[in-house]
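Computed from a predicted model, the values in this text were never measured in an experiment. Just so it is clear, the values below take in all heavy atoms, side chains as well, and ignore hydrogens, waters and symmetry mates. Whatever order the structure lists them in is the order used to number ligands and atoms, beginning at 1.
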Amino acid sequence: MGSTEVLARTAPIYERVKRVIPPFEWPVFADDVDAILRLKRERNAVILAHNYQTPEIFHGVADIVGDSLALARMAMNVDADVIVLAGVHFMAETAKLLNPSKTVLIPDREAGCSLADSITPADVRLLRQRYPGVPIITYVNTSAAVKAESDICCTSGNARAVVESLGVPRVIMIPDEYLARNIAAETDVEIISWAGHCEVHELFTAAEVRQLRADHPGVVVLAHPECPPDVLAEADFAGSTAAMSDYVGTRKPPRVVLLTECSMSDNVAVQHPELDFIRPCNLCPHMKRITLGNIRDALEQNRHEVQVDPKLADRARRAVERMLEVR
Ligand code: 13P
Ligand code: SF4
């Protein structure tokens with residue numbers, strides 16, 4: 001567990017995360033960090049990590065980090081033979097759609113998402129029958145099979161821009177009901193929603209925000225748009241994980257709370273040691289399936305390779321690419 005040589009080689013990485021990982025824990029991570037850095041060189045691999053990955057992954061081994069939109073955009077320009085997606089399955093599928101010739105690995109196949117599980121391709125076909133001619137905008141938190149039935153995708157970072165880019169009075173936005181309602185509150189376009197929810201963000205309540213303000217005077221409240229609308233109504237700002245991170249970086253609120261998954265605050269706090277982060281967080285059990293150990297296994301054993309059914313890949317890719325064309 002963390003020989004002297006390994007600890008010396010990984011010391012600069014520990015320096016970055018020391019505010020959120022205690023010194024006695026680092027030797028537990030150091031061997032895997034060291035091995036992953038070597039394996040990345042040997043296999044010409046890159047690690048894309050979502051903002052919800054734990055700090056030892058996010059700051060320790062990732063090459064590209066960001067929100068779902070940034071990961072999709074950056075997956076297009078990866079110059080490597082192997083992409084390891086440290087995130088959930090739909091993110092790995094999106095990376096594969098945009099990089100069909102590369103090997104895309106997900107360290108745990110079971111890393112799913114309650115939103116992706118809330119809707120099937122057959123549901124989307126029924127919506128199309130029920131609302132003929134109404135474009136279907138699909139959140140990227142869905143399977144490739146659902147994307148293939150859709151006109152265009154969106155993320156929390158571009159949802160309003162995607163809705164308004166279509167130039168129509170009415171759209172269907174699936175499957176996140178709260179994202180759809182939150183965007184509907186910002187635009188004149190009528191939005192038909194689906195009853196899917198993020199199991200992490202649906203837990204935050206407006207009463208919790210009021211209590212936070214009472215307990216922590218002056219706290220600035222940032223919320224993810226997957227939270228219920230009454231939570232956003234109580235917040236100071238709503239945006240994707242990248243938008244929240246940018247808000248903290250540019251506005252530097254002395255005391256701040258991020259109403260989103262737990263690791264997000266750890267990762268942002270590493271970059272802003274001067275700020276006070278209040279941390280009522282909810283864990284995403286799917287994101288937490290990814291560990292240094294299974295990232296190492298993924299690179300050593302080339303597993304688990306993500307494939308997209310060729311019968312639907314072109315249609316799903318088109319929906320993602322249409323999204324990426326929206327600025
Ligand atoms: P973003 O990082 O795109 O805001 O998405 C949040 C999320 O819940 C991803 O699963
Ligand atoms: Fe899905 Fe929510 Fe987890 Fe993101 S945080 S992967 S939306 S369950």
### ligand 1 atoms in contact with Asp67 (distance to a heavy atom under 4.0 Å)
1 (P), 2 (O), 3 (O)
### Query
Applying a 4.0 Å heavy-atom criterion (strictly less than), which segment of Asn141 is in contact with ligand 1: side chain, backbone, both, or neither?
side chain
### Task
Quickly, which of Val320, Asn77, Val104 forms a side chain to side chain contact (heavy atoms under 4.5 Å, CB included) with Leu98? Name it, please.
Val320
### Task
Consider every N or O of His201 and every N or O of ligand 1, then say whether any pair is closer than 3.5 Å.
no
### Query
Any side-chain heavy-atom pair from Tyr139 and Met173 closer than 4.5 angstrom?
no
### Query
Do any heavy atoms of Glu226 fall under 4.0 Å from ligand 2?
yes
### Message
Considering both backbone and side-chain atoms of Thr155, is one of its nitrogen or oxygen atoms within less than 3.5 Å of a nitrogen or oxygen in ligand 1?
### Response
no
### Task
List every atom of ligand 1 that sits less than 4.0 Å from any heavy atom of Glu226, numbering the atoms from 1 in the order shown and giving each element.
6 (C), 7 (C), 8 (O)
### Salt bridge Arg279-Asp266, side-chain N to carboxylate O under 4.0 Å
yes
## Note on the structure
If you scan protein heavy atoms around atom 7 (C) of ligand 1, the nearest is Tyr52 CE1, 3.5 Å
### Task
Could you please tell me which protein N, O or S atoms lie under 2.8 Å from atom 1 (Fe) of ligand 2?
Cys113 SG
### Query
Which residues satisfy the side chain to side chain donor-acceptor pair (under 3.5 Å) test with Glu321, sequence neighbours excluded?
none
### Sub-4.0 Å atoms of ligand 2 with respect to non-hydrogen atoms of Tyr52
5 (S)
### Task
Provide the number and element of each atom of ligand 1 under 4.0 Å from a heavy atom of Ser240.
4 (O)
### Query
Is the side chain of Thr94 donor-acceptor paired with the backbone N or O of Phe90 at a distance under 3.5 Å, no angle test?
yes
### Query
Heavy atom under 4.0 Å from ligand 1: found in Met91's side chain, backbone, both, or neither?
side chain
### Message
I'd like to check Ile21 versus His59 (side-chain heavy atoms, cut-off strictly below 4.5 Å). Are they in contact?
### Response
no
### Message
For residues 195-267, which residue pairs pass the disulfide bond (SG atoms under 2.5 Å apart) check, not counting sequence neighbours?
### Response
Cys262-Cys281
### Message
Clusters formed by hydrophobic residues whose side-chain heavy atoms approach within less than 4.5 Å: which one holds Leu127, and what are its other members?
### Response
Ile119, Val124, Tyr131, Val134, Ile136, Val146, Ile172, Ile174, Ile192, Trp194
### Message
Side chains of Asn302 and Arg43, heavy atoms from C-beta outward: is any pair under 4.5 Å?
### Response
yes
#### Entry: Pair His201 and Tyr178, ring centroids less than 6.0 Å apart
no
### Query
What are the atoms of ligand 1, with element, lying closer than 4.0 Å to any heavy atom of Ser68?
1 (P), 2 (O), 3 (O), 5 (O), 9 (C)
### Query
Ser156 heavy atoms, cut-off 4.0 Å: which ligand 1 atoms fall inside?
1 (P), 3 (O), 4 (O)
### Task
Could you pull out, from Met264, His224, His50, His286, the option with a heavy atom nearest to atom 9 (C) of ligand 1?
His50
### Task
Among Val171, Ile137, Thr138, find the residue that satisfies the side chain to side chain contact (heavy atoms under 4.5 Å, CB included) test when tested with Ile152.
Ile137
### Message
The test is side-chain hydrogen bond (donor to acceptor under 3.5 Å, both in side chains); show your working for Glu226 and Ser156 and say whether it passes.
### Response
CA-CA 8 Å; Glu226 289 170 9; Ser156 59; 5.5 Å; no
